[in-house]
Every structure is written in C-alpha cells, then in structure tokens.
Protein chains: 2
Amino acid sequence: MKNDKQEKKMSLRVITRVSFYYEALLKLDLPQDSFISSKKLEEITGVSCNQVRQDFFYLGISIGKQKKGYHVEKLFRALRRVLSVDRGAEVIVVGAGRLGRALSEYKLFKIRNIHVTALFDVKPDLVGTIVDIKGRKTPIYHIERLEEYVKENTHVKIALLTVPESVAQEILDKLVELGIKGIVNYSPRILKLAKGIKGVQLVNDCIGASLYKVVYQIYHK
Amino acid sequence: MKNDKQEKKMSLRVITRVSFYYEALLKLDLPQDSFISSKKLEEITGVSCNQVRQDFFYLGISIGKQKKGYHVEKLFRALRRVLSVDRGAEVIVVGAGRLGRALSEYKLFKIRNIHVTALFDVKPDLVGTIVDIKGRKTPIYHIERLEEYVKENTHVKIALLTVPESVAQEILDKLVELGIKGIVNYSPRILKLAKGIKGVQLVNDCIGASLYKVVYQIYHK
DNA sequence: ATATATAGTTTAAAAGTAAACGATATTTTC
DNA sequence: GAAAATATCGTTTACTTTTAAACTATATAT
C-alpha cells in the first residue's frame, strides 16, 4: 500500500513522538547539511528506529538516504511543518496551583512556540501576583476576569485546565462558551464537551495515573 | 470466550479507568447497600457505560444485578482489591521543582494510600527546606543523600522522576542501582532501563504532549 | 403479561506496535 | 577498479491492544 503523502491526522501517540524528534534535533544542533539516522534518533528520544521510520512513512516524510539517514535541515523543516511550530500558540492556564504554574514554565513549550500569557485562580493569595515565566511577567487574574480576558485577547484559543475536579466540568463549559477552541484537562476526571459542541478540541490527561500503574505492577509481579 | 476470572494484567488505560471508578465511589459516598449502574459511573467518570462493563468483565467483577447495577459495598471491595489500595505505597520524588512538588501534593494519591516521604534536589535554595504535604512535614534532601535514604528506608520502592531531561537517564540508572523497583519518568524523553535489568517497572509520562496535541488539532481542522 | 433497564458476553472494528523484507547508496576488501 | 559487505531506508505484513458496538438474558417495574 502506497503512502499517499496527503496530510494525515496524527494521534496523541504520534504527536508525542514527533515532538521528541523535533526536540532531539534542536538539542543536538547538528550542522544543517549533516545527516541523522533513525538509530541515532532512537538513542536520543528512546523511540525505536523502527517506530521512527514508521512515523516518517506515515507522515509522508521520505527524505532519507540509504546508509546515511535524514538530511538534518530537510528533516527539521518537515517536522516543523507537521507540528505547525511556526504558527505557535498563546494559551492561558486556569488554576494557578502548583501544577498550573509548573506547566506555565514547562521548558519545552517555549521551543514549540507556545506561550502562557495569563493564569487564573480564585485564591486571594495568588490573584494579583505576577509570575515570571522565562523572563516574561505573567499575571494571575481572578477567574471572574476570564470572560473579559478571552474577549479582549481573541488570539488566545487554548486553555490548560488545572483546577480541582469538583469545578472542572463547569469551568470547561464556561471556556467553551467563551469561544476557547482547545482545552487540556489535567483533573482526574474525563470531562466531556456539552452535546452539540463542534470544532472544540479536548484532551483529558491524568498525571497521577502513571504512578497508579507502577504501584499496581509492583504488587502484581 | 468465558472470562476465566484469574487475575489479569491491567494496562495503563485500564488502571486509569479503574482508578476513576474507585474515586467516583469514594466521592459519591453512597450508602453501602445501595446500587450504582454503569450509566451512573459514566456520568461521574466520563467513561462510557459500555467501557465500564467491559472493564468489569475483563477484571472478573461480575456482581451486577440487572435493572439495578452494582452493589456499592461489593464493588468498592472489588476495586480496592484489583488496585491494591490496601497495601499502599511510600514513594520519593526526585526533582523538587514545581512539578515535583505539585505531584507531592497530588490529591488523589492520598486516597489511594500513596504517600510521598521525601523529595530530593540539588538546588541550594530547596535543599534543607521542609514542605507540607497534607499535614505531613516532608523534607527536601540533597540528591547526594539519595543513596543513604534509600538504603535506610527499604520499604520505599518507588520514585517519581521530575528532574531535567539532561540528567534523567543518569538518575534513573542510579535509582535502579540502589534497588528502586518502580519509576515514573516525567521528563520529555523516553527513558530506558539498562540492559539486563529485570523486575523494575518504568513508565514514561510526558505531560506536555497533550497540549501539543491540542495545538496540532486546532491547526489541522 | 409485557415492557424496560441493565448486566454479561461476544463480535467486530480500529488503532497501535513490532518485526520482517527488499532495495540501494556507501564503504570495505581484494 | 570491481565485487562484496554493510548500513539504512521505505514499505509491507503480521500481531497485539484498545475501543466500540451489538446481542442475549434477566430482574424489576408497569
């Protein structure tokens, strides 16, 4: 079966791996006209060389040279394109607790051209303060100002949701109502979009689950 | 094909969902002798009722009554058993940055009987301080004391790894060498166990990837 | 007695992963 | 310089896991 080279829809797994390839290239900072093999990418990212080639095939990136690998500059451009790095994104973080602030300064967002422009919370000791995110002064606003902010900053289309699960669904609905088009929910509950909502991207991510798995595996061996 | 009811190996996906069921039961706090249906569990956890039944079937939990659902007390016990909640776990966090500290106070660890007993870091302004984790005073030690700590606290078998990716592999290897049996790696790189290592559980979890996915999806619609 | 809600089970479909294979450019050997 | 060996790719195939749907049975309610 031939790969038809048209744009494919990537799953979360694929996107994660492709991001790793991109970040590996950035980190290695090889000469633009050198080559990197799938084996080398395995070393750096931990993704098997078979999987690397499979991903490139799936994405229509067929620029490899036998016995050498992939031309660094070409690969770099190809990855930037599939990831839409050039377009970047400004996002807000709703819930300025430890997790929210940790995400705000997540190192790898910067090189992906993703920037947190504001945080929101209800806690009086957080609201009104300014956090420093890689040199940028970023404010924490009261959550009441969410609506105003989103309406004034129409380029902000994405929110990271790090509020307690008890209010997560409610705030998600509010965000969607305000026109937010992408949400990552980090509360330990699978949130859902209200019926009939189209064109909004929602990803649920439970960061505690990995530890659950390890605990489980240790007791079941 | 009959379900043979022997203990099955759960994947991360299954464990995550089962944890949600367990946490939903805790949260609802229904009378012990009432019933809860798969539909109701869908409402609370976001997991479809089909998937709920499928999971229970897979796990050999067949305690449902038609037209009523699952007996709350029985279900509660069954879930505790498959998750090994009773045995609990004490874990350490290596890397006391924002993410490390966020995880330390992760609400749902407590109800799963998981407790962080110590954090480790190299930063002078962190080392020596005490953080309060749900009422427990928890120390941040210099990472040099890792070996000593692990050897003195042999019941600690699990570590959460929240260090920069540049040192992640190195510290993972160290942890394994010291006898740690389970590690969750939160750095954006797929770490691997050294060749020949058996009986150690490693899960790689990249918390930034979900946002990457949302950004991607928004630009590819 | 019939209808309905709900479970348990099976089946089918989709997604994801790993492995194998053939092709070819470069390197090595004679 | 020619032939053989090798590294590496692109592609295919097979396998496994995961999810979704459909179906059957039954206890309760009408």
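Within every chain, numbering begins at 1; the chains are lettered A, B, ... in the order of the sequence lines, protein sequences first and strands thereafter.
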Should the pair B:Arg112 and A:Tyr212 be classed as cation-pi, given the thresholds of under 6.0 Å to the six-membered ring centre and 45° from the axis?
yes
Expressed in angstrom and rounded to an integer, what is the separation of A:Lys74 atom NZ from D:dG10 atom P?
11 Å
Heavy atoms within less than 4.0 Å of DNA chain D: which residues of residues 13-22 of chain B have one? Give them sorted by number.
B:Arg13, B:Arg17
Residues, nucleotides or ligands: over 12 heavy atoms within 6.0 Å of A:Lys27 NZ
yes
Verify whether one side chain among B:His155 and B:Glu90 offers a donor that lies under 3.5 Å from an acceptor in the other.
yes
Measure the distance from CD1 on A:Ile63 to C1' on C:dT24 and round it to the nearest whole Å.
17 Å
As a test of reading the structure: which of C:dA7, C:dG16, C:dA25 is closest to the side chain of A:Ser11, going by heavy atoms?
C:dG16
Can you name the nearest heavy-atom pair linking B:Gly100 to B:Thr162, along with the distance?
CA-OG1, 3.5 Å
Taken to the nearest whole Å, CG/B:Asn204 to P/C:dT17 is 13 Å
Distance-only donor-acceptor check, side chains B:Ser187 and B:Asn185, under 3.5 Å:
yes
For B:Tyr22 and B:Phe76, take the angle between the two ring planes, folded into 0 to 90°, and tell me which bin it lands in: parallel under 30, tilted 30 to 60, perpendicular over 60.
parallel
Give the rounded distance in Å between these two atoms: CZ of B:Phe56 and C1' of C:dT9.
15 Å
Has the side chain of A:Lys67 got a donor or acceptor atom sitting under 3.5 Å from an opposite partner on the base of C:dT26?
yes
More than 12 heavy atoms of other residues, nucleotides or ligands under 6.0 Å from NZ of A:Lys192: is that the case?
yes
Nearest-Å distance, CG (B:Leu59) to P (D:dT18)?
13 Å
A:Arg53 CZ - D:dA7 P separation (whole Å)
14 Å
Between B:Leu12 and A:Asn50, whichever has its closest DNA chain D nucleotide further toward 5' is A:Asn50
Is the number of heavy atoms from other residues, nucleotides or ligands within 6.0 Å of NZ (B:Lys134) greater than 12?
yes
Touch class at under 4.0 angstrom, heavy-atom based, for B:Ser48 against every strand present:
nothing
Ignoring backbone atoms, test whether B:Tyr58 places a side-chain nitrogen or oxygen under 4.0 Å from the OP1 or OP2 oxygen of D:dT19.
no
With hydrogens left out and only the distance checked, is there a donor-acceptor pair under 3.5 Å joining A:Gln54's side chain and the base of C:dA18?
yes
Can you check whether A:Ser62 has a side-chain N or O nearer than 4.0 Å to OP1 or OP2 of D:dC9?
no
Expressed as a whole number of angstroms, how long is the span from B:Lys9:NZ to D:dT16:C1'?
11 Å
Can you give me the closest heavy-atom contact between A:Ala24 and A:Thr45, atom names plus distance?
CB-CG2, 3.7 Å
Whole-Å distance separating the CD1 atom of A:Ile61 from the P atom of D:dT11
12 Å
What I want to check is whether the side chains of A:Tyr70 and A:Ser38 have a donor and an acceptor closer together than 3.5 Å.
no
Heavy atoms within less than 4.0 Å of DNA chain C: which residues of residues 23-42 of chain B have one? Give them sorted by number.
B:Ser37, B:Ser38
